[in-house]
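Please read these numbers as outputs of a predicted model, since none were measured by experiment. Just follow the structure's listing: the first ligand is 1, and inside any ligand the first atom is 1.
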Amino acid sequence: MSEEIAVIPGDGIGQEVVPVAVDVLDAVGDFEFVHADAGDAVKAETGTALPAETREAVEAADATLFGAAGETAADVILPLRSAVESFVNIRPARAYPGVDALRPETDVVFLRENTEGVYAGHEDDLSDDLSTLTRVVTSSASRRLAEFACEFVEAGRGPDGTEGFTVTHKANVMRKTDGRFRDAVVSVADERGVETDEELMDAFATRLPLYPDDYDVVVCPNLAGDVLSDLAAGLVGGLGLLPSANVGEERGLFEPVHGTAPDIAGQGVANPGATVLSAAMLLEFLGYDEDGQRVRDAVEGVLADGPRTPDLGGDATTEQVGDAIIDRL
Ligand SMILES: NC(=O)c1ccc[n+]([C@@H]2O[C@H](COP(=O)([O-])OP(=O)(O)OC[C@H]3O[C@@H](n4cnc5c(N)ncnc54)[C@H](O)[C@@H]3O)[C@@H](O)[C@H]2O)c1
Ligand SMILES: CC(C)[C@H](C(=O)O)[C@@H](O)C(=O)O
């Protein structure tokens with residue numbers, strides 16, 4: 001292994017959890033790490049939240065590990081997702097043995113459209129009283145996401161080797177935009193013979209907590225994927241456990257779903273699980289499936305036996321949990 005990995009801790013607990021994930025990657029491989037800055041602190045210092053050299057480091061690297069940015073998050077992570085040309089954000093949410101979860105049966109993977117929707121829209125103040133936002137949906141991006149979703153389930157990458165997926169949307173109201181999204185996704189799945197079911201996203205938000213067993217892979221528009229994956233985090237033990245992979249044709253950016261957690265930042269007690277699990281996704285993206293699985297097993301072992309950080313009812317520090325994960329490796 002000699003791949004180059006760009007490492008951007010960012011702000012808040014990003015500075016605490018990313019070093020743990022780098023140590024984990026270092027323990028299983030021989031990577032070249034290129035450190036780069038982004039976020040609120042670098043903006044305060046230099047006037048820009050995303051320096052050109054950081055973007056260049058991400059474009060040059062084989063993969064990127066990102067922590068979180070604060071107020072400037074949208075100015076950092078959205079351009080970085082596009083710097084790796086990622087069209088899908090994979091967000092697995094599962095409960096782990098030993099972790100007190102609201103819904104221990106939860107095992108669901110969100111495949112979030114990563115380029116469009118309101119995130120690609122233009123926001124305007126048109127008067128003292130009126131602000132507007134446009135929403136962008138193309139058949140091509142929706143079809144590309146659907147192709148990925150089909151390949152994902154065909155390759156058995158979904159929970160329990162599921163062979164189909166759920167598509168969630170609000171095409172009953174946003175008939176043009178979500179209608180286009182829904183039609184494109186369903187027609188690709190039909191062409192490929194992949195089974196789908198559809199659910200309006202408001203009903204989905206009720207049904208997921210009630211019947212988590214009913215869902216394995218969920219394909220959703222960009223904003224819906226953001227909100228629904230956080231909802232799922234609440235079912236499995238919190239944001240400290242949700243990793244994500246922004247995947248493009250050639251490059252990927254891996255980040256926890258959580259943000260900078262200002263309420264606990266600086267205390268050294270953030271749960272590094274989400275970021276270490278993101279590093280496991282990075283390893284798999286680079287083709288090191290066995291190492292990715294080893295990391296996942298180590299995290300799972302520590303979650304089961306402890307030590308655990310306070311968000312999971314323990315009293316361990318980030319560093320102690322990191323050391324325990326590395327001991328298992
Ligand atoms: N990708 C990103 O960079 C990203 C993502 C989300 C939010 N943000 C930014 O983060 C800042 C804070 O946002 P927020 O408070 O809404 O969301 P958050 O994810 O930072 O925190 C929400 C809650 O979850 C807890 N939490 C999150 N991660 C945790 C971890 N690893 N271990 C233990 N507890 C954890 C926090 O303590 C907090 O109570 C905002 O400025 C927001 O813009 C950035
Ligand atoms: C901070 C924000 C731009 C980001 C998003 O909406 O994608 C965050 O909520 C996330 O889930 O990573």
*What residue and atom, counting heavy atoms only, is the protein's closest point to atom 6 (O) of ligand 2, and at what distance?*
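Answer, as residue, atom name and distance: Tyr119 OH, 2.6 Å.
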*For atom 12 (O) of ligand 2, what is the nearest protein heavy atom, given as residue, atom name and distance?*
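Of the protein heavy atoms, Arg81 NH2, 2.8 Å lies nearest.
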Going by the order shown, which atoms of ligand 2 are within less than 4.0 Å of some heavy atom of [X]?
X      : value
Ala73  : 1 (C)
Asp226 : 5 (C), 6 (O), 8 (C), 9 (O), 10 (C), 11 (O)
Arg91  : 10 (C), 11 (O), 12 (O)

Taking all non-hydrogen atoms of both residues into account, name the closest pair between [X] and [Y] and its distance.
X      : Y      : answer
Glu16  : Thr318 : O-CG2, 3.7 Å
Asp11  : Thr72  : OD2-OG1, 4.3 Å
Tyr215 : Glu199 : OH-OE2, 2.5 Å
Val236 : Ala93  : CG1-C, 4.2 Å
Ile13  : Ala265 : CG2-CA, 3.7 Å

_Distance to the ring centre below 6.0 angstrom and angle to the axis at most 45 degrees; does that hold for Arg112 and Tyr119?_
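That pair qualifies as a cation-pi contact.
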*Using the six-membered ring wherever Trp is involved, compare the ring planes of Phe204 and Phe110 and label them parallel, tilted or perpendicular (cut-offs 30° and 60°).*
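Phe204 vs Phe110 ring planes: perpendicular.
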_Just by distance, no angles: are the side chains of Thr309 and Asp311 close enough, under 3.5 Å, to form a donor-acceptor pair?_
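Yes, a side-chain donor-acceptor pair sits under 3.5 Å.
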*At under 4.0 Å between heavy atoms, which part of Arg112 makes contact with ligand 2: side chain, backbone, both or neither?*
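It is the side chain that touches ligand 2; the backbone stays farther off.
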*asked:* Given a heavy-atom cut-off of 4.0 Å, could you list the residues near ligand 1 in chain and number order?
replied: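 Contacts of ligand 1 under 4.0 Å: Ile13, Phe66, Ala68, Ala69, Gly70, Glu71, Ala73, Leu239, Gly240, Glu255, Val257, His258, Gly259, Thr260, Ala261, Pro262, Asp263, Ile264, Ala270, Asn271, Asp311.
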*asked:* Nearest non-hydrogen contact with atom 2 (C) of ligand 2 belongs to which option: Ile77, Leu223, Asn89, Asn222?
replied: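 Among Ile77, Leu223, Asn89, Asn222, the closest heavy atom to atom 2 (C) of ligand 2 comes from Ile77.
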*Run through Leu241, Ile325, Val321 and flag the one making a side-chain contact (heavy atoms from CB on, under 4.5 Å) with Leu303.*
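Single pass found, and it is Leu241.
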